[in-house]
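Predicted model, so just to flag it, every value in this text is computed and none were measured. All values below were derived from every heavy atom in this structure, side-chain atoms included, with hydrogens, water molecules and symmetry-related copies excluded. First the proteins, then the strands, lettered A, B, ... as listed; each starts at 1.
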There are 2 protein chains.
Amino acid sequence: MTRPTPTRRHAIADDLRNQISTGRLKAGERLPSEAQLAARYRVSTPTLRNALALLQGEGLIEKIHGSGNYVRHPLRRILYVGGGCAPAAQTPTEWDLHTTVRTTQLRAHGHLTALLKVSPRSPLTEILCLSHEGESPHSLARIYVPGDLAPAGIPGEVLVARLADMRPPLAEVQEKASARLPTEEEATVLRISSTLAVLAITRIATDTTGRVVEAALLVLPGDRADAVFTIRHPVDVRRAEA
Amino acid sequence: MTRPTPTRRHAIADDLRNQISTGRLKAGERLPSEAQLAARYRVSTPTLRNALALLQGEGLIEKIHGSGNYVRHPLRRILYVGGGCAPAAQTPTEWDLHTTVRTTQLRAHGHLTALLKVSPRSPLTEILCLSHEGESPHSLARIYVPGDLAPAGIPGEVLVARLADMRPPLAEVQEKASARLPTEEEATVLRISSTLAVLAITRIATDTTGRVVEAALLVLPGDRADAVFTIRHPVDVRRAEA
DNA sequence: GAGTGGTCTAGACCACGAG
DNA sequence: TCGTGGTCTAGACCACTCA
């Protein structure tokens with residue numbers, strides 16, 4: 001049961017994984033070329049590439065086209081704290097976590113109308129945040145707010161900081177987490193392989209009048225991101241509903 | 001930017017995806033064999049298999065070894081509601097969602113000691129839940145409770161139902177969600193491809209004395225599972241406590 | 001046993017990165 | 001330009017399902 005089919009690529013992946021974890025292959029180091037590795041393990045190139053794909057899916061190595069395969073630096077884990085008010089992932093930013101922000105004016109369409117509960121073609125502001133931790137991309141956020149809550153002409157960075165002050169207190173924050181493979185665009189922007197799962201979080205913030213004041217689509221690389229949701233003194237749901 | 005590399009497998013996947021969404025290929029239907037499809041699209045078998053792998057990753061088709069590729073029935077989405085008290089995924093079970101439960105006595109080791117904050121080799125009860133919705137596997141849960149909270153000799157189903165009554169009220173429930181690829185075991189148990197991401201939720205329940213009374217490791221197939229966490233009045237915490 | 005998918009081979013050609 | 005990874009080919013052999 002533990003070995004449904006003893007495949008070669010798993011054996012190779014296990015060997016390389018050991019070399020990485022034992023430090024024989026150090027972080028940042030370049031692996032031998034795929035042709036060399038294929039020769040060493042006596043397998044064909046597709047088989048060796050499948051082995052590397054496994055390690056890539058675990059986030060252990062990074063492929064750079066035209067350059068080689070590199071052992072990834074063990075990245076700090078990203079911790080998304082749920083129930084939050086801040087628009088982006090709110091890790092304590094003691095390290096150099098800088099964010100590129102770009103705002104766009106657009107009109108509601110498609111699933112955005114449902115998320116924000118607005119009528120089609122009503123004005124929205126999209127805030128696109130791409131966070132970097134040093135060199136490596138960290139998280140991608142697309143935040144949509146009704147147009148009147150985000151006046152145009154304000155630089156993105158300022159807008160993000162001020163959003164919380166400009167609206168009435170929130171009544172409810174609902175966060176939906178799901179796991180999926182990244183789109184092509186997300187994979188390239190986050191510099192992850194398209195076989196590495198992402199943690200996608202959709203956050204809907206509603207004010208006391210029931211109006212949706214923010215819809216945020218967050219995408220975090222699955223190999224180093226967690227989202228925690230803490231609830232204190234939860235009520236017994238079954239009793240509460242009765 | 002939209003077409004970094006115009007690959008053939010994407011074109012084939014797009015075509016098949018269209019056929020599925022337009023109903024030309026109906027749910028449950030078997031696709032032509034891979035050899036036939038390869039001939040139809042004039043590609044080699046590995047290329048065609050790559051195309052099918054894409055659809056598999058999206059949960060659109062299911063491969064059954066020795067039988068064929070089948071269009072999957074659009075499965076009801078699994079909704080895991082966070083902040084909960086019930087041990088397993090608590091979808092309103094109006095449909096035939098039956099769960100296989102198996103309990104095992106074991107002793108704490110490895111990461112379990114950290115999760116439950118118990119000393120190594122202290123007795124634990126493992127409750128392994130596998131839910132099915134009709135034919136298709138639904139979710140996998142491994143629940144660990146300190147041995148004294150789960151007396152031996154009680155059948156698993158009864159134990160699960162009684163757990164909530166046997167312990168003091170909870171003070172805190174912390175849930176950590178992450179996205180990753182399934183282990184080989186999880187992939188076979190949930191009958192998903194190993195390229196399909198899973199949503200893994202670790203739930204730690206603490207009672208009022210600070211003791212961990214339950215650690216649950218939930219695995220949900222990423223193509224049809226979401227986890228929602230709702231927080232009301234996040235700014236006005238005192239009201240909720242009153 | 002016939003047909004199917006699962007794995008693997010040994011190449012080919014193209015696209016990208018760095019010197 | 002040269003070495004690298006990215007994609008693809010046209011097979012082979014094994015394991016599984018089902019009649």
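Across the protein-nucleic acid pair, A:I64 atom CD1 and D:dT4 atom P stand 14 Å apart, rounded to whole Å. If you take CG of A:L37 and P of D:dT4, they are 11 Å apart, rounded to a whole angstrom. Rounded to whole Å, the distance from CG on A:L48 to C1' on D:dG6 is 14 Å. Atom CG in A:L55 sits about 14 Å away from atom P in D:dG5, given to the nearest Å. Atom CD of B:E34 and atom P of D:dC14 are 19 Å apart (whole Å). Straight-line distance from the CZ atom of A:R191 to the P atom of C:dC16: 16 Å, rounded to whole Å. Per the geometry, OH belonging to B:Y70 stands 10 Å off P belonging to C:dT4, to the nearest Å. One atom, NZ of B:K63, and another, P of D:dT17, lie 15 Å apart when rounded to the nearest Å.
Between B:N69 and the phosphate of C:dT4, there is no side-chain N or O to OP1/OP2 separation shorter than 4.0 Å.
Residue-level contact check: B:R9 touches the backbone only, with heavy atoms under 4.0 Å from sugar-phosphate atoms and none from bases. Note on A:N50: nothing from the nucleic acid sits closer than 4.0 angstrom, heavy atoms only.
Within the structure, every pair that satisfies the side-chain hydrogen bond (donor to acceptor under 3.5 Å, both in side chains) test and touches residues 19-30 of chain B, not counting sequence neighbours, is listed here: B:D15-B:Q19.
When distances are taken from the side chain of A:S33 to each of D:dG5, C:dT7, C:dA10, the shortest belongs to D:dG5. You'll find that the side chain of A:H65 is closest to C:dA15, out of C:dT9, C:dT4, C:dA15. In the set C:dT9, D:dG11, D:dG6, the nucleotide with an atom closest to the side chain of A:R8 is C:dT9.
Looking at B:E126 and B:R107, no side-chain N of the basic residue comes within less than 4.0 Å of a carboxylate O on the acidic one, giving no salt bridge. No salt bridge links A:R180 with B:E58; every basic N to acidic carboxylate O contact stays at or beyond 4.0 Å.
Residues B:L31 and A:T47 both approach DNA chain C. Their nearest nucleotides, taken by heavy-atom distance, put B:L31 toward the 5′ side. Annotation: of the two residues near DNA chain C, A:V43 and B:S67, the 5′-most nearest-nucleotide partner is B:S67.
Surrounding NZ of A:K63 are more than 12 heavy atoms belonging to other residues, nucleotides or ligands, all under 6.0 Å away.
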Q: Run the numbers on A:E34 and A:T45 for side-chain hydrogen bond (donor to acceptor under 3.5 Å, both in side chains), then give the verdict.
A: CA-CA 7 Å; A:E34 301 189 345; A:T45 37; over 6 Å; no
